[in-house]
Amino acid sequence: MPRRRSRVARRWRPRLRRLGIAALFAAVGSGLWYAEEREVRERLSWMGVPTWERPTPLSLHRVLRNDGYLVGWSDLRVGSLWASYQLRADRRFPVGDRPGFRRDWRTLWPLTPNAYRRSGYDRGHLAPNYAIAAAHGPAAQRDTFLMSNMMPQRPDLNRRLWQRLEEVVVDHFLPRFGRLQVIAGPVFADDVAAGVLHRVGLVEVPVAFYKILVVPGRHPRALAFLMPQDVDGGEPLDRFLVSVDRIEAMTGLDFLPNLSEEAAAALEGRVVTEGWGLAAVADLPGRFE
DNA sequence: TTTCGTGT
C-alpha cells in the first residue's frame, strides 16, 4: 500500500503547498492591515477608541476610518454614536469652501444627502467642517460631509449653541492648550420603544448631544458638555457642563478605555473648570446671529 | 475663516 499512499500524497502535496502559501499571505496581510489600522486609530485618538462599557445591541458600533477623524457607526440607530478627532495648534491648513454632502456607502443604509429634507432638522456635523479642515486639510474636510458624520439637529442648537461651542474650541481652547482630543455624539431617549418611532426617515433622532474635550498628556484635563435639542441657542455655554461619567452613564460608552482606573476617576468623575478660561468665552455671540 | 434650509 505504500505506492498508493504516495500517489495520493503526490496529488495533494502541491495543493496543500498552495493553500499554505495563500494562508501565509492572508495571515501576513491581515496582520499588516491590523497593525496599520491600530496605528491610525492611535494617532487619531488619545487613550483608545470609544468602546462599550457593557455590550448591548444599542451601544454596538463599527468604527469607520476617515481622513482626520473616526466615527462609531450604529446600524440599529442608523447614525453614528460618536466621532473622535485630534486638533493641534501648530499646523493649520487654509480652509476652502464647504464641499457638498455625500452618501457614505460603508453604512449600507441608503442615507442620501436629502435624507432630512423638510423634517425640521439640520444635518449637524459630529466632526466639524472648519476645525477638521484647518487641522487636517481639504481631503479631511470633504470626509466631514459624509452622511455618516451627520445627525439630525434642531436649527437653534446646530446654528447657534453648538456652533458657538465649535468656535470657542478652535479660537480659544486650542490656542490655550496646543492640542485637544475631541469626542462628540448623540444621546438617545431611555425609552427604546419611543426611539424606534422618533426618526427622520430611517435615522433615530437624538434628544441631546455631548462634546468631550480632553487635553492629553501626563496631567490631562477634560471638559464635557451636554446640550439638549430644545435650546434657545443664546444660553451661556457653561450652563451645559457635565462630568464625563454622566455622559458615559447616558450613552453606555467608555470614551477613554486605555486610561487607568485612578486617572479615569480623577478626570471623569466631576466637573473641573479651572484653567479653561470659560468666563471669557461662555457668552460670546455666534457667527451667524 | 467656522451653521444650515428653502426657494428660485
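Every chain is numbered from 1, with letters handed out A, B, ... down the list of sequences.
- Between A/Arg98 and B/dC4, a side-chain N or O to OP1/OP2 separation shorter than 4.0 Å is present.
- In this structure, the CG atom of A/Asn114 is 16 Å from the P atom of B/dC4, given to the nearest Å.
- Residues from residues 233-240 of chain A that place a heavy atom under 4.0 Å from any atom of DNA chain B: there are none.
- Separating the CD atom of A/Gln229 from the P atom of B/dT3 is a distance of 18 Å, rounded to the nearest angstrom.
- Taking the six-membered ring for Trp and thresholds of 30 and 60 degrees, A/Phe101 and A/His125 have ring planes inclined between 30 and 60 degrees apart.
- Pairs of residues two or more places apart, or lying in two chains, that qualify as ring-ring contact (aromatic ring centres under 6.0 Å, His included) and include a residue from residues 68-92 of chain A are A/His61-A/Trp82.
- Other residues, nucleotides and ligands place more than 12 heavy atoms under 6.0 Å from the CG atom of A/Asp90.
- The environment of A/Arg246 atom CZ is sparse: at most 12 non-hydrogen atoms of other residues, nucleotides or ligands sit within 6.0 angstrom.
- Within residues 275-289 of chain A, the residues that place at least one heavy atom under 4.0 Å from DNA chain B are, in residue-number order, A/Arg287, A/Phe288.
- In this structure, CG on A/Leu81 lies 13.0 Å from CD1 on A/Ile183, to the nearest 0.5 angstrom.
- A heavy-atom distance below 4.0 Å to DNA chain B is reached by none of the residues of residues 81-92 of chain A.
- Here ring-ring contact (aromatic ring centres under 6.0 Å, His included) pairs that include residues 221-260 of chain A, with residues two or more places apart or in two chains, are A/Tyr210-A/Phe255.
- You'll find the side chain of A/Gln229 stays beyond 4.5 Å of the side chain of A/Asp156, heavy atoms only.
- The separation between A/Phe209 atom CZ and B/dC4 atom P is 11 Å, rounded to whole Å.
- Not counting sequence neighbours, A/Tyr116 has no partner by the ring pair (Phe, Tyr, Trp, His ring centres under 6.0 Å) test.
- Rounded to whole Å, the distance from CG on A/Leu161 to P on B/dT2 is 19 Å.
- Sorted by first and then second residue, the pairs that involve residues 112-141 of chain A and meet salt bridge (charged side-chain N to carboxylate O under 4.0 Å, His left out), not counting sequence neighbours, are A/Asp122-A/Arg159.
- Among residues two or more places apart in sequence or in another chain, the side-chain contact (heavy atoms from CB on, under 4.5 Å) test is passed with A/Asn258 by A/Met47.
- The heavy-atom pair separating A/Val231 from A/Leu161 by the smallest distance is CG1-CD2, 3.8 Å.
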Using atom names, set out every protein N or O paired with an N or O of nucleotides 5-8 of chain B below 3.5 Å, distance rounded to 0.1 Å.
{"from": "B/dG5", "atom 1": "OP1", "to": "A/Arg123", "atom 2": "N", "distance (Å)": "3.1"}
{"from": "B/dG5", "atom 1": "OP1", "to": "A/Arg123", "atom 2": "NE", "distance (Å)": "3.3"}
{"from": "B/dG5", "atom 1": "OP2", "to": "A/Arg123", "atom 2": "NE", "distance (Å)": "3.2"}
{"from": "B/dG5", "atom 1": "OP2", "to": "A/Arg123", "atom 2": "NH2", "distance (Å)": "2.6"}
{"from": "B/dG5", "atom 1": "O4'", "to": "A/Arg159", "atom 2": "NH2", "distance (Å)": "3.2"}
{"from": "B/dT6", "atom 1": "OP1", "to": "A/Arg118", "atom 2": "N", "distance (Å)": "3.2"}

What donor-acceptor contacts under 3.5 angstrom involve side-chain atoms of residues 267-289 of chain A, with partners at least two apart or in another chain?
{"from": "A/Arg287", "atom 1": "NH2", "to": "A/Glu167", "atom 2": "OE2", "distance (Å)": "3.3"}
{"from": "A/Glu289", "atom 1": "OE1", "to": "A/Arg160", "atom 2": "NH2", "distance (Å)": "2.9"}
{"from": "A/Glu289", "atom 1": "OE2", "to": "A/Gly286", "atom 2": "N", "distance (Å)": "3.4"}

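- Judged purely by atom type and a 3.5 angstrom limit, A/Arg164 uses its side chain to pair as donor or acceptor with the backbone of A/Glu235.
- Residues satisfying the side-chain contact (heavy atoms from CB on, under 4.5 Å) criterion with A/Leu60, sequence neighbours excluded, are A/Trp52.
- Few gaps surround CG on A/Asp232; more than 12 heavy atoms of other groups in view lie less than 6.0 Å from it.
- Rounded to whole Å, the distance from CG on A/Asn158 to P on B/dC4 is 4 Å.
- For B/dC4, one of the phosphate oxygens OP1 or OP2 lies less than 4.0 angstrom from a side-chain nitrogen or oxygen of A/His125.
- Near DNA chain B, meaning a heavy atom under 4.0 Å away, the residues from residues 164-179 of chain A are A/Glu167, A/Asp171.
- A donor atom on one side chain and an acceptor atom on the other are found under 3.5 Å apart for A/Gln181 and A/Ser84.
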